[in-house]
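The structure appears right after this line, and notes come after that.
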Number of protein chains: 2
Amino acid sequence: MTQPLTRIQQKNTTAILEAALEVFSQHGFRGATLDQIAKAAGLSKPNLLYYFSSKEAIHETLLNGLMDTWLDPLRTLNPQGNPVDEIKGYVQRKLEMSRDYPRQSRLFANEILQGAPRIHDGLGGPLKTLVDEKATVIQGWIDAGKIAPLDPHHLIFSIWAMTQHYADFDVQVRQVLGVSGDAHFAQAAEFLDAFYTKSLTP
Amino acid sequence: MTQPLTRIQQKNTTAILEAALEVFSQHGFRGATLDQIAKAAGLSKPNLLYYFSSKEAIHETLLNGLMDTWLDPLRTLNPQGNPVDEIKGYVQRKLEMSRDYPRQSRLFANEILQGAPRIHDGLGGPLKTLVDEKATVIQGWIDAGKIAPLDPHHLIFSIWAMTQHYADFDVQVRQVLGVSGDAHFAQAAEFLDAFYTKSLTP
DNA sequence: CCTGTTCCTGACCGATTGGTCAAATTCTTA
DNA sequence: TAAGAATTTGACCAATCGGTCAGGAACAGG
């Protein structure tokens, strides 16, 4: 039985999670400190621990809230739609997430990189289930001759890899391109559209 | 004037770097501890610091030695070769590196994820130079009608993203596919070959 | 064998870490 | 407005961090 949150609880909880997202995504779990998070949230360290029982509790809350949002674009892949457009739409939505929520992407990347010690189960369970389901849909499209024959699982991996690359390896992308703003995301969108059009069309 | 290393120096230095690669790639720079590295190397902590002046010195040595090896596959991209085969060859070599040297890939990924604080300059300098050079080659192929018109820089990013994904997100890939060995790398090789064949052929 | 150099270690240090706690402050509500 | 609950804080703690240092052990060449 969860109690409704007071305004002050609401405000501080979100401030903590926002600050923690900033710090965790930048330094990883072990690299982040409670002092950093407290300072970024404008609270004292003991006050952090009044709202969350431990550093790990903050991190866990963040990851749990993330999983669903992160998989939503895949969930909306429509079996009844036009196959090529559906997949390209998924690519674009995923790329937009890299542009608009890079911290979430990096938080996730950090966790996976370290071997996913805190969400290992979530990967084999809900994630695998969803991917398998959508892979079946894609395989159906292949069997019907609607798209080119490509291993559906690895096709999904390719989408994750290419879109998240622009968030996770942002520094590298910027250095190599020599840009500072957001303009290269439009280039990326164009590239990915052309790329997947060519590879998916039967 | 660097002195030649004695056998014992040789042995311990490589043992330290091997252990540090293991630990750094798994926990990131801040997450790794000298005690962990010392234990993994079979040495005492003060003995580590007899060979390397600091934790950062170990990390730096590791990254410096990595950069060249990591870019070699791109360097061997031959302007005179068959365009599609050259690029697909690069993809395969990069994928093999993900399979055979996943720790190096994760070490690099960790560094970039945290904003590349220790190799920031190397990205804008040598890396950018090499990429720009190869991008020009690819653009030449496009202008000659040898491959499909795709932004060369983003094409290179796509190769990095997709191949390194199999090393950096290894846990996720394994969980989703439900595999434990190395077999899925053969699938990945096949997928990438088909994928790039379709998208590069004019 | 002796001697100087290289290699190695236990004990230790100050700084930082995640976390605790009693007391003070602020808010709510009767 | 008074009492009780919720919120906030400074002071503090044990553990761990990267790193130091004096001295001992092993090794080399003569």
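Below, read A as the first sequence line, B as the second, and so on, with proteins coming before strands; counting in each chain starts at 1.
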Worksheet item: Looking at side-chain heavy atoms only, is the closest gap between T33(B) and V23(B) below 4.5 Å?
Response: no

Discussion item. In the structure I gave you, are the side-chain heavy atoms of Y166(A) and V173(A) within less than 4.5 Å of one another anywhere?
Written reply: yes

Practice prompt. Classify the angle between the aromatic ring planes of F157(B) and H153(B) as parallel (below 30°), tilted (30 to 60°) or perpendicular (above 60°).
Written response: tilted

Item to complete: Taking all heavy atoms of R75(A) and all of K134(A), pick out the closest pair and write down the distance.
Response: O-NZ, 3.3 Å

Practice prompt. Please list residues of residues 46-55 of chain A whose heavy atoms come under 4.0 Å from any atom in DNA chain C, ordered by number; otherwise none.
Written response: P46(A), L49(A), S54(A), K55(A)

Discussion item. Can you give me the first and the last nucleotide of DNA chain D (5' to 3') that has an atom within less than 4.0 angstrom of a non-hydrogen atom in chain B?
Written reply: dC17(D) to dC21(D)

Item to complete: Evaluate the ring planes of F24(A) and H59(A), with Trp represented by its six-membered ring, and classify them as parallel (under 30°), tilted (30 to 60°) or perpendicular (over 60°).
Response: perpendicular

Fill in: First of S44(A) and D35(B) reached from the 5' end of DNA chain D, by closest nucleotide
S44(A)

Discussion item. What is the distance, to the nearest angstrom, from the CD1 atom on I8(A) to the C1' atom on dT28(C)?
Written reply: 11 Å

Worksheet item: So which heavy atom on Q36(A) is nearest to which on H27(A), and how close?
Response: NE2-NE2, 3.4 Å

Worksheet item: Taking only N and O in the side chain of Q9(B), is any of them less than 4.0 Å away from OP1 or OP2 of dC7(C)?
Response: yes

Discussion item. Here's a test of your reading of the structure: between L34(B) and G42(A), which maps to the more 5' nucleotide of DNA chain D?
Written reply: G42(A)

Worksheet item: Using a cut-off of 4.0 Å on non-hydrogen atoms, how would the nucleic acid contact of A32(A) be classed: base, sugar-phosphate, or nothing?
Response: sugar-phosphate

Practice prompt. Could you check whether the rings of F108(A) and W70(A) sit parallel, tilted or perpendicular, using 30° and 60° as the cut-offs?
Written response: tilted

Worksheet entry | Mutual orientation of the aromatic rings belonging to F191(B) and F195(B) [parallel < 30°, tilted 30-60°, perpendicular > 60°] | parallel

